[in-house]
Amino acid sequence: MELELRVNNRNAIVKEIKREGNILTLAVDEVEYKVDIVKVNKEEFSILYKGKSFSIEVIESKEPKHYNVNTLYNRFDIEVIDNESRYRQSRMQSKHILNDNTIRSPMPGKVVKIFVKQGDIVEAGQPLIVLSAMKMESEFKAGLRGIVKEIPVKEGDTVENNQLLVVIEDLKEK
Amino acid sequence: MELELRVNNRNAIVKEIKREGNILTLAVDEVEYKVDIVKVNKEEFSILYKGKSFSIEVIESKEPKHYNVNTLYNRFDIEVIDNESRYRQSRMQSKHILNDNTIRSPMPGKVVKIFVKQGDIVEAGQPLIVLSAMKMESEFKAGLRGIVKEIPVKEGDTVENNQLLVVIEDLKEK
Amino acid sequence: MEQKPIKKVLVANRGEIAIRIMRSCREMGIETVAVFSDADRTAMHVRYSNEAYNIGAAPSSESYLNIDKIIATAKSSGADAIHPGYGFLSENAAFARRCREEGLQFIGPSPESIEMMGDKISARKKMIAAGVPVVPGTTEKVTNEAEAIKYIKEIGVPVMIKASAGGGGKGMRLVKKESQIASSLRAARSEAKTAFGDDALYIEKYVDSPHHIEFQILSDRYGNTVHLFERECSVQRRHQKVVEETPSPIITPEIRSRMGAYAVAAANAANYEGAGTIEFIMDEQLNFYFLEMNTRLQVEHPITERVVGVDLVKEQIRIAEGNKLPFTQDDLKQSGHAIECRIYAEDTDNNFMPNPGTITHITEPYGFGIRCDGYVYEGYTIPIYYDSLISKLIVWGRTRDAAIERMRRALYEYKITGVKTTIRFLERIMDTPDFRKGEYNTHFIEKNSASLLAEGIYDKKNEDIALIATYAQYMSRIEESKKTNAATTEKKETNWKRQLRKFTSRI
Amino acid sequence: MEQKPIKKVLVANRGEIAIRIMRSCREMGIETVAVFSDADRTAMHVRYSNEAYNIGAAPSSESYLNIDKIIATAKSSGADAIHPGYGFLSENAAFARRCREEGLQFIGPSPESIEMMGDKISARKKMIAAGVPVVPGTTEKVTNEAEAIKYIKEIGVPVMIKASAGGGGKGMRLVKKESQIASSLRAARSEAKTAFGDDALYIEKYVDSPHHIEFQILSDRYGNTVHLFERECSVQRRHQKVVEETPSPIITPEIRSRMGAYAVAAANAANYEGAGTIEFIMDEQLNFYFLEMNTRLQVEHPITERVVGVDLVKEQIRIAEGNKLPFTQDDLKQSGHAIECRIYAEDTDNNFMPNPGTITHITEPYGFGIRCDGYVYEGYTIPIYYDSLISKLIVWGRTRDAAIERMRRALYEYKITGVKTTIRFLERIMDTPDFRKGEYNTHFIEKNSASLLAEGIYDKKNEDIALIATYAQYMSRIEESKKTNAATTEKKETNWKRQLRKFTSRI
């Protein structure tokens, strides 16, 4: 078995070499590991590697095929890369280019105030929308000069993490 | 929906009458309840009934269709009675009659000593087998006079909860 | 001595403080009533209480601040007292007065004391009269700009302009140069007007690099007041406390006893009843000045409980029942050292943006000298409407060093998955030399922000081990879902299936 | 003063005590090495340590008692010290001696002290010489039956016959009538021979309705010894402690200081180093007698830690490093009251039969004054080979009443599902009037067994609510499995599938 995993901007190949009971030999990229691994409950593993003991939580994230992995000292966000996620990734990257033109909510929250309406011309740095979460208000500003193309939310709406708030069409692009 | 549940030697019928959002109206035997019920995680429920708050754990037991149910002050062992378990129950009851003739382990443990062998005639009260669990040894005695019919374990064996240890054939029955 | 035992308490709050209050009630054999908003049906305080009632929509203005609804719930549930916790209605004199009018025991001071200490200017006056040192500044509300400019020039910059009705850093302006006076005055006034509906200001000499040190007091209704020593609260981020400890690493026994005596005098001047806190600011030369009084329980009260050995919530309740304090000042001693770390659901890599969401996993620390006052649980979704404080980790050690060592160990053990938290940030505070040495003031976080917010150094070996565990988890998950498939091949009647789906999507 | 810092400790134990020791090590910056048997690969101490090594088969004789293997593991892992915990090798002089020979620091007393105090008769002699009161009885091993009968007739029944090499109640017989002497002697001798390979006995005057009170001591290698006051351990079931508290509800300050002085004298007479416990029995008239010394950490040490404010494991390590005690007797005070409840995996309705098994769910108590030292976790299967103690719940209160109130609250919050535990039984102890009043001796459980073991009174309303919750859970489970079915309709290559199954059934 072979699996591609992504962690901290690194794409690593984990390849199984041999298995005997709990003893698993595998290669992470070019490095070979022989570990004693047991699953102690639904989300926790105990790994012994050269005598060192690692107690590791591997928890499914809300995002598909993402895992939050906690060791004693570090936290990792690890993604399983398969054909489906490769496709998603390439799609996301092409989206990323447009990021300056769109504002997405970085957390769940509530729309408190919208300063602009569709068709408005906005300057870079102009406040567009105010979000409130947990008693803290955050103001979001235009990243460039442009025309407000879309505002798919209204004041009072509750928004999810990463939800689209405002789309601006770059005037220079025209 | 209607469900038969068994708790503390009582067989109760839980019957759903009406549901609106979290508000569930149902009858437990003849008593009607209108409760506000939410599932807060995989194994826990919060029930408000006439203002009283109940935080309840409902945990699947190792036995099929059995639940360990914990409220703040009480613990219950509740069984779902369906056709399958009715059949099992009747089978168990017929087995129960033979109980005096068989010894089962009341806990997981290890067989330390077996005093008898197949074919031996034993008297009521005669020690048959010693089990050890967690540094404590327990001796099991014959419940009646009879012939040792079967000893499906041997010294040193690890046994599960409820595993058959010794079968004795009643001499009087002959 | 008029005593009236309390049998049932309505807790007009949520989150960790509601649970904390209910625990003491349960120990005292007192029943508890929870109130909750639409967003809090699954919250822990609802689950922990004996009774629970919905009091309105998610925004706190429509629920936790809804005086009429809370009073009505207290009466219909048969509660004889209300504990306000901190925040929400805890320093609302109108609420305390309503309780009194309705025959409900408010567990806290009288409305008159709340009013007197709630208004910064009247509090300042009262303290000056009681001989408690205050920061040099105006004793009357300033509404006239020319007057204000004249006064500031008199006492000299730097000064702090504050809203008289204020709190939480709103309507506050620091003036460092004379040229800023006019614009700062205007800005402060406009903010004060918006935030509190009152544009009255007052002006104080600004204390540079101050320490924030507060004293816990307890007063009964028979004029007895004790203090329970200090809490050092100088680790702050944007006027929000982050770490507190007691004893303060900087004050001397002589200063401690002087400050304690002033704290008692302040409480007596306010004709106080219950638990309260006298906040002081202290400059580099250890000069200290009364800042304000908090007429309620503080978030950081557990460090005092641990070092002095007094359950403050139980004492609040006993005082409200009309009992005398069960101890005198001489009975109270500080023993060892306690530290509290506040754990917020915030994204420290993203300007401490609040991070509500669902808790997917939680592992809490345990062992000698550890206390963890939280309220979130596995599967719980933290709502967007309220405070981002999710837990308080309190440790005790025989010495300050032992307490820091223990806090580091406890933070290592503490794991919350599903939302971002400040746990790693707090670990770094424990490792910062200024904190270790006890040499810090309210500028600590700003001063050390580079190291506190630096990118994590990942150990490559740990990363590979994490990848191996993820590989194993992924494989085992695939297998599990296959097993489930194999196990559930029973056929069910279609209509019945649909009914079930309807039901379970609701619970 | 010769000091040698310890950098890595091998913990030659398992269960809660191994975790407890590792926590203190981690706070001190000391690395930990766990050892485990085949039955303990998934045990918490393996997961909590820095390193972990298998040392043999499940029976402790082949693993946790395997001196050669443990010593070899310590050396190969580079540990410089070994902490034995309690039980297993903790009072094994040969093990302590091997450590010394191999250049490993044994965290505990010298083999000579262990030997001297391990043999009941030599310990008695030493105590008599040191002026410590002992129960009237033989000072030489008794092997001659006629002699024994003569001696018993001299001091008069009731007497207790004990195995000289004994412990844990084995080889012990109470003789109430002269007619029982001969048969009891024979039975005790035969049991002693089987259990310890040594049939030497000794005879003591039997103290009826005794209290079991012990004193914690700490000694450094420079002749300094302090005591950390008493623990009242009279709540016992078959000589197993169940609940412990400190201070003792019955002793006076005057008796406390006398007992403490004797405890220090006893430790000095044993030329002791490290943490140890002097056990006394006390009769109704508060006469007390030395019973034995435990030359190791006790299960119940946390109540002393809480009330005296000392981390005993850290002090053990510091003493083993060659440090002087950091405090004198005058520095140590008792503050408040602590109680420990031992939680066993036992079926209280079935003669306290051990109940190993898999933990399906666990909810632990939290809040002010609560400490929970456990080692089991959700999904963990408790093996059949070792002790049935799964957790210790320790609470503190300003007064004894406050501590009892808090213990009741904590026991209510504590829920362990999957194995039967003694939690409900402990709750009933807290509710028993004799315990509440502090009027109990070692016969407490026997005396109150009717109410302690009575059938639970079920509240019919609670039962119906439990049925409703079960109904909802059953419905929602059916729905979930249906959803999973719908979600996993992907087709996979057959060979690959088979591989996966092989893999995941092993992890």
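Throughout, protein chains are lettered first and strands after them, A, B, ... in sequence-line order, and every chain is numbered starting at 1. Keep in mind the model is a prediction, meaning the values are calculated, not measured.
- Minimum heavy-atom separation, D/Ala345 to B/Met134: O-SD, 4.2 Å.
- Considering CD1 of D/Ile465 and CZ of B/Phe54, their distance stands at 4.5 Å, rounded to 0.5 Å.
- Across B/Asp29, B/Val35, B/Thr71, B/Ile47, the residue that shares the most heavy-atom pairs under 4.5 angstrom with chain D is B/Ile47.
- A pairwise comparison of heavy atoms in D/Thr470 and B/Val58 identifies CA-CG1, 4.1 Å as the closest pair.
- For B/Ser61, no part lies under 4.5 angstrom from a heavy atom of chain D.
- Here the CD-OG distance, from D/Glu413 to B/Ser55, works out to 10.5 Å after rounding to the nearest 0.5 Å.
- Defined by atom type and a distance below 3.5 Å, a donor-acceptor pair is missing between the side-chain atoms of B/Asn68 and D/Thr360.
- In terms of non-hydrogen atom pairs under 4.5 Å with chain D, the most contact-rich of B/Lys52, B/Lys110, B/Lys42, B/Glu57 is B/Glu57.
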Would you sort out whether B/Phe76 and D/Asn462 count as a side-chain contact (heavy atoms from CB on, under 4.5 Å), showing the intermediate values?
-> CA-CA 10 Å; B/Phe76 301 94; D/Asn462 277 345; 4.2 Å; yes
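- The shortest non-hydrogen separation linking B/Ala133 to D/Pro354 is O-CG, 3.3 Å.
- When the shell of 6.0 Å around NZ of D/Lys241 is examined, it contains more than 12 heavy atoms from other residues, nucleotides or ligands.
- For D/Pro59, the part lying near chain B is the side chain, with the backbone staying farther off; criterion is any non-hydrogen pair under 4.5 Å.
- Of the two parts of D/Tyr412, the backbone and the side chain both hold a non-hydrogen atom closer than 4.5 Å to a non-hydrogen atom of chain B.
- Contact tally against chain B (heavy-atom pairs below 4.5 Å) for D/Ser388, D/Pro356, D/Pro383: the top residue is D/Pro356.
- Looking at every heavy atom in both residues, B/Val69 comes nearest to D/Ala466 through CG1-CB, 3.7 Å.
- Rounded to the nearest 0.5 Å, atoms NZ (D/Lys415) and CZ (B/Arg75) are 7.0 Å apart.
- For chain B, no part of D/Tyr344 is nearby; none of its heavy atoms comes within less than 4.5 Å.
- Heavy atoms of B/Glu44 lying under 4.5 Å from chain D belong exclusively to its side chain.
- Contact record, D/Met353 with B/Pro106: CE-CG, 3.9 Å, taken as the closest heavy-atom pair.
- To the nearest 0.5 Å, the span separating CZ on B/Arg6 from CG on D/Leu467 amounts to 12.0 Å.
- Side-chain contact between D/Tyr474 and B/Asp82: present, with at least one pair of heavy atoms (C-beta onward) separated by less than 4.5 Å.
- Neither the backbone nor the side chain of B/Glu160 comes within contact range of chain D; no heavy atoms are under 4.5 Å apart.
- Neither the backbone nor the side chain of D/Asp347 comes within less than 4.5 Å of any heavy atom of chain B.
- More than 12 non-hydrogen atoms from other residues, nucleotides or ligands lie less than 6.0 angstrom from CD of B/Glu139.
- Note that CG of D/Asn351 and OG of B/Ser138 are 8.0 Å apart. Values are rounded to the nearest 0.5 Å.
- Per-residue counts of heavy-atom pairs under 4.5 Å with chain D were compared for B/Ile78, B/Val31, B/Leu26; the largest is that of B/Ile78.
- When each of B/Ile59, B/Asn70, B/Asn161 is checked for heavy-atom pairs under 4.5 Å with chain D, B/Ile59 comes out on top.
- The most heavy-atom pairs under 4.5 Å with chain B, out of D/Arg424, D/Glu346, D/Lys420, come from D/Arg424.
- In plain terms, the two heavy atoms of B/Glu43 and D/Gln473 that are nearest each other are CA-NE2, 3.9 Å.
- Heavy atoms of D/Ile382 lying under 4.5 Å from chain B belong exclusively to its side chain.
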